[in-house]
Amino acid sequence: MFTLNPNSPMPLVGQIVDGLRRMIAEQSLKPGAKLPSIRAFAASHGVSVFTVVEAYDRLVAQGWLVSRANAGFFVKRRGGDAPAVAPPPKPVADLRFDAQWYLKQIFENRNLALKPGCGWLPHDWLFEDGVRRSLRQMAADGAELGGYGLPHGHMALRILVAESLAEHQIAVGAEQVLLTQGSSQALDLVARRLLKPGDAVLVDDPGYPNLMFMLRFLGARLIGVPRTPAGYDLPALEALLAEHRPKAFFTQPRLQSPTSSVTPLAQLYRLLQLADAHDLTLVENDIYADMDPEPRPSLASLDQLRRVVYVGSYSKTISPNIRVGYVVARPDLLDELAQLKMVSGLTSSDITERLAFGALTEGRWRKHLKSLRDRLADGHGRVAQRLAGLGFELFSEPKAGLYLWARHPDLPDGAELSRQAVGEGIMLGPGQLFLVEPRPTGWLRFNMAFSDDERLYRFLAAQIRLQEAA
């Protein structure tokens, strides 16, 4: 059959599901074939019957198996050929490197062997053990699984968020915390409240493709504020404010994506002065704050939410699957954001919010964050050294955060390089994805958690040699 690996980051249930789907797709298990009984499978693979029950149930729900009373589980007969276990990578020529590609294609190509250009952490870097313990505790406590959550979200988690923000000098009560389905929903709610079609809005350049796509979809005019290794290009920012009179500036002062650059304190003060002078709302997207080993001031801590709306998330550090984020703002604005949340999707998930609360309070959260920060710092050291050894220019060396932003003088088109990389099973992060006005560029975003594989550097070295020989 197949072998289960208890040391794999993939849970045993997932391994069983993938293994059986593969056997069905490859016709090792023919339509109509009977599977081993739950107890027999559990005994032969050394797992619990509960693990096998969950795996078989998933396969039934996905249409791969059928359960027959008092007979067992059988491979389901289909009208056509069984689908493949996972779609193969799309042909290189089909990949389009723009914001829509980033939102859709990057997830469809998660099966690529190497993912140095992705925007998430590996399973074993996340706090999945904390989520599992929280889930077990919820089950033991008999938590209600039906009904809706509260409009503002699970109260205990909102109190915890407020207490955590107080540790970072942001004075808010739980009534000023709105829980959302990740930071993406928080940013969308804020944009829909602040902007109307045709409004000018400032964004970091390079910046966050998902945000840019969402703002364009709302009809906003995007104005890029050049990002430098030392923060913002302040003269350019002041000129853009005078020329375009934007309504808002969506920005990441800390460990910014894709550059991981950090805005110094003096620039934060100047930005707040400019916001007052130009009646500008600052939307601080601080989703990488938990990855930062330094206790830095934020725009929100300096302004206390007069002109700042603050967005955070647990998706990057606990698990993307639970999709728990939050937004804090002055009370009148937050109430309007809560109304928008209800109109567009009623409440967020009380279950996932309870899961997050349990993970954050079960005693190992701070130890997890320290371990994560240490691993990222180690990754920065190794990856920066390897890239510099190949002749790459590093935008900055933050030694913290998820990314490095780098380019090589002999590789001027990151999109073309990325197309070649897909053919080698490598997902890169081409720089033009992150630009307000996409254009060919050699800049690439490297994820520290996925950029420590020798195959990546062999590929890059081979591409450099090809360019030098041309």
Side-chain angles (χ1 to χ4, degrees), residues 118-131 133-134 153-154 156-170 172 177-187 208 210 251-263 268 283-301 308-328 352-353 355-380 398-404 447-450:
C118 75
W120 56 83
L121 288 169
H123 293 302
D124 60 343
W125 288 48
L126 293 165
F127 199 39
E128 291 190 344
D129 284 346
V131 175
R133 286 189 288 268
S134 178
H154 184 59
L157 181 55
R158 288 161 52 202
I159 293 172
L160 189 67
V161 170
E163 292 173 347
S164 174
L165 292 176
E167 293 179 9
H168 295 88
Q169 311 307 312
I170 304 173
V172 296
V177 178
L178 177 68
L179 301 182
T180 59
Q181 296 177 42
S183 61
S184 294
Q185 187 189 33
L187 293 169
Y208 182 28
N210 191 354
T251 184
Q252 282 185 314
R254 185 201 320 250
L255 299 178
Q256 186 250 5
S257 175
T259 67
S260 274
S261 58
V262 176
T263 305
L268 297 182
V283 184
E284 184 175 21
N285 184 9
D286 206 13
I287 61 174
Y288 300 109
D290 284 335
M291 297 182 184
D292 190 358
E294 300 294 330
R296 307 176 205 271
S298 62
L299 288 169
S301 69
V308 175
V309 178
Y310 184 86
V311 172
S313 176
Y314 295 112
S315 295
K316 295 293 184 183
T317 48
I318 296 181
S319 171
N321 264 335
I322 65 171
R323 306 303 305 145
V324 175
Y326 58 89
V327 56
V328 297
T352 57
E353 290 164 2
L355 279 176
F357 176 77
L360 292 166
T361 57
E362 58 85 48
R364 297 174 177 86
W365 171 241
R366 293 183 185 273
K367 181 179 179 181
H368 163 71
L369 285 185
K370 184 182 185 307
S371 173
L372 175 58
R373 293 164 184 163
D374 290 345
R375 294 178 80 172
L376 287 170
D378 290 344
H380 272 274
K399 299 182 175 60
L402 198 52
Y403 308 115
L404 269 178
N447 182 327
M448 295 304 93
F450 287 95

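No experiment lies behind these values; they were computed from the predicted model shown.
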The side-chain contact (heavy atoms from CB on, under 4.5 Å) partners of Glu167 (sequence neighbours excluded) come to Arg366
For Ala377, enumerate each residue passing the side-chain contact (heavy atoms from CB on, under 4.5 Å) test, keeping only those at least two apart in sequence or located in another chain. none
Thr263: partners by side-chain contact (heavy atoms from CB on, under 4.5 Å), with sequence neighbours left out: Arg227, Tyr232, Pro253, Gln267, Leu268
His380: side chain to side chain donor-acceptor pair (under 3.5 Å) partners, not counting sequence neighbours: none
All salt bridge (charged side-chain N to carboxylate O under 4.0 Å, His left out) counterparts of Asp290, not counting sequence neighbours: none
Say whether, by atom type as modelled, one donor and one acceptor occur between the side chain of Glu362 and the main chain of Gly130 under 3.5 angstrom. no
Side chain to side chain donor-acceptor pair (under 3.5 Å) with Gln256: which residues, sequence neighbours excluded? Thr259
If the condition is side chain to side chain donor-acceptor pair (under 3.5 Å), which residues does Arg158 pass it with, not counting sequence neighbours? none
Under the salt bridge (Lys or Arg N to Asp or Glu O under 4.0 Å) rule, what pairs show up with a residue in residues 371-380, not counting sequence neighbours? Lys370-Asp374
Non-neighbouring partners of Ala449 that pass side-chain contact (heavy atoms from CB on, under 4.5 Å), sequence neighbours left out: Leu121, Pro122, Trp125, Asn447
Sorted by chain and number, sequence neighbours left out, side chain to side chain donor-acceptor pair (under 3.5 Å) with Glu284 holds for none
Determine which pairs satisfy salt bridge (Lys or Arg N to Asp or Glu O under 4.0 Å) with at least one residue from residues 118-131, sequence neighbours left out, and list them in order. Glu128-Arg132, Asp129-Arg132
Got a second to check how far Ser183's OG is from Tyr288's OH, nearest 0.5 Å? 8.0 Å
Residue that, paired with Asp286, satisfies salt bridge (Lys or Arg N to Asp or Glu O under 4.0 Å) out of Lys316, Arg296, Arg254: Arg254
Distance-only criterion, 3.5 Å: show the donor-acceptor pairs between side-chain atoms of residues 317-327 and protein atoms not counting sequence neighbours.
from	atom 1	to	atom 2	distance (Å)
Ser319	OG	Asn321	N	3.2
Arg323	NH1	Ser315	OG	3.2

Do any N or O atoms from the side chain of Ser301 and from the backbone of Pro297 form a donor-acceptor pair under 3.5 angstrom? no
